[in-house]
J.: 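Take this structure first; my questions come after.
Remember, predicted model here, so these are calculated numbers, not experimental data.
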Amino acid sequence: MLYIAVLLLAFLFIAYRRYYPVKGIQCIRESEAKKLGRTVVDIRHYHEVRDSIGIVIPYAYLKRFYSEIPQGSVHLIAGDRVELNLSVRFLRKRGFKLRSYELAACKCKRKKGVFDYGV
C-alpha cells in the first residue's frame, strides 16, 4: 500500500511539472518582446529555428547553458506547452524573470493588445 501511494505521488508531481500551466506570463510576439527590451531565448530544437533574433538554447541543453542568458526580463519561444512549462519552471528556479512567451506551434491569430495570461 505504501508503494502505491509513493508511486502515485511521484506520478502526480511529474504530471504537475509538465502539464499544469504556469501563471503570470504574457503571450506576445517576438518582435513586441524585443521592443520592450526583453532578452529573447528560443528553446526549440536547432533544426526548427529559422530566423530567431535571440539566443538559441534548446531545452535539452538548458541545464548546461542557462548561465549564458543575461539576467533581466526574458521572453521564451517554445515549440509546445510542455517544453514551455518545464523551461519556465527551471529558469524561475534559477532566478530569471520570465515576462512573456510565444508558442511556435500556435496557429491562432491574436489581435493586437489582447494577451493570454498563463501558459
Side-chain angles (χ1 to χ4, degrees):
M1 185 67 173
L2 181 64
Y3 295 120
I4 294 172
V6 170
L7 285 175
L8 183 63
L9 284 174
F11 176 75
L12 289 175
F13 177 73
I14 291 169
Y16 169 78
R17 285 188 61 219
R18 292 180 65 89
Y19 301 110
Y20 191 76
V22 179
K23 304 293 181 191
I25 56 177
Q26 299 174 323
C27 180
I28 61 174
R29 302 268 183 219
E30 179 181 10
S31 58
E32 295 172 22
K34 201 65 170 170
K35 288 178 188 174
L36 294 172
R38 297 178 181 161
T39 304
V40 177
V41 178
D42 199 332
I43 57 169
R44 294 177 287 172
H45 299 290
Y46 288 121
H47 66 279
E48 293 177 5
V49 178
R50 288 177 180 77
D51 54 348
S52 181
I53 57 175
I55 302 168
V56 179
I57 303 174
Y59 176 71
Y61 298 103
L62 198 59
K63 289 182 183 178
R64 279 184 261 168
F65 296 110
Y66 74 89
S67 60
E68 293 181 7
I69 303 170
Q71 291 292 330
S73 296
V74 176
H75 173 81
L76 278 181
I77 302 173
D80 60 2
R81 291 194 182 276
V82 173
E83 190 176 65
L84 180 67
N85 289 337
L86 291 171
S87 300
V88 168
R89 286 188 171 94
F90 175 78
L91 290 173
R92 280 190 176 171
K93 186 185 276 188
R94 300 300 189 269
F96 291 94
K97 295 176 182 73
L98 284 113
R99 301 290 185 216
S100 57
Y101 73 94
E102 179 181 357
L103 288 176
C106 184
K107 304 280 189 229
C108 64
K109 303 289 183 193
R110 292 181 208 95
K111 295 179 182 177
K112 189 172 183 171
V114 176
F115 296 115
D116 176 26
Y117 288 92
V119 178

J.: Which heavy atom of E83 sits nearest to which heavy atom of G79, and what is that distance?
T.: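 The pair with the smallest heavy-atom distance is OE1-N, 2.8 Å.
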
J.: Look at the side chain of R89 and the backbone N and O of R17, then say whether any donor-acceptor pair between them is shorter than 3.5 Å.
T.: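 A pair under 3.5 Å: yes.
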
J.: For P21 and N85, work out which heavy atoms get closest and say how close.
T.: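 Result for this residue pair: CA-OD1, 4.1 Å.
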
J.: Establish whether V74 and I43 are linked, either directly or via other cluster members, by ILVMFWY side-chain heavy-atom contacts under 4.5 Å.
T.: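 Linked, V74 and I43 end up in one cluster.
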
J.: Which heavy atom in Y59 sits nearest to a heavy atom in S87, and how many Å separate them?
T.: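 Shortest heavy-atom contact: CD1-OG, 3.1 Å.
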
J.: Same cluster or not: V40 versus F90, using hydrophobic residues (I, L, V, M, F, W, Y) connected whenever any side-chain heavy atoms lie under 4.5 Å apart?
T.: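 Not linked; separate clusters.
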
J.: For S100 and H75, which heavy atoms make the closest approach, and how far apart are they?
T.: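 Looks like OG-ND1, 2.6 Å.
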
J.: With rounding to the nearest 0.5 angstrom, report the CD to CD distance, E32 to Q26.
T.: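 Going from the CD atom of E32 to the CD atom of Q26 covers 9.0 Å.
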
J.: Considering non-hydrogen atoms only, spot the tightest contact between I25 and R92 and give its length.
T.: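 The pair with the smallest heavy-atom distance is CG2-NH2, 3.2 Å.
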
J.: Is there a path of hydrophobic side-chain contacts, each under 4.5 Å between heavy atoms, that joins F65 and L98?
T.: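 Same cluster: F65 reaches L98 through Ile, Leu, Val, Met, Phe, Trp or Tyr contacts under 4.5 Å.
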
J.: Could you check whether any side-chain heavy atom of L62 comes within less than 4.5 Å of a side-chain heavy atom of R94, counting everything from C-beta outward?
T.: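 No, too far: nothing below the 4.5 Å cut-off.
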
J.: Honestly curious: do V22 and I69 fall in one hydrophobic cluster under the side-chain, below-4.5 Å linking rule?
T.: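 Linked, V22 and I69 end up in one cluster.
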
J.: With no hydrogens and no angle check, is any side-chain donor or acceptor of E102 less than 3.5 Å from a backbone partner on E30?
T.: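 Checking the backbone N and O of E30 against the side chain of E102, a donor-acceptor pair under 3.5 Å is found.
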
J.: Measuring only between side-chain heavy atoms, which start at C-beta, is Y101 closer than 4.5 Å to V88?
T.: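 No. Closest side-chain heavy atoms not under 4.5 Å.
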
J.: Roughly how far apart are I77 CD1 and R29 CZ, rounded to 0.5 Å?
T.: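 The CD1 atom of I77 sits 11.0 Å away from the CZ atom of R29.
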
J.: V82 and Y19: which non-hydrogen atoms are nearest, and at how many Å?
T.: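 Here V82 and Y19 meet closest at CG2-CE2, 3.5 Å.
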
J.: Does any non-hydrogen side-chain atom of L91 lie less than 4.5 Å from one of L76?
T.: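 A side-chain contact under 4.5 Å exists here.
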
J.: Can you check whether L36 reaches R99 side chain to side chain, under 4.5 Å on heavy atoms?
T.: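 With C-beta onward as the side chain, the pair stays apart.
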
J.: Mind telling me whether Y46 and Y61 have parallel, tilted or perpendicular rings, with 30° and 60° as the class edges?
T.: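 The rings of Y61 and Y46 sit tilted, inter-plane angle from 30° to 60°.
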
J.: Can you confirm whether more than 12 heavy atoms, excluding those of L9, are under 6.0 Å from its CG atom?
T.: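 Counting other residues, nucleotides and ligands, CG of L9 exceeds 12 neighbours.
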
J.: Please determine whether residues L103 and V49 belong to a single hydrophobic cluster, defined as Ile, Leu, Val, Met, Phe, Trp and Tyr linked transitively by side-chain heavy-atom distances below 4.5 Å.
T.: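 Shared cluster, yes.
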
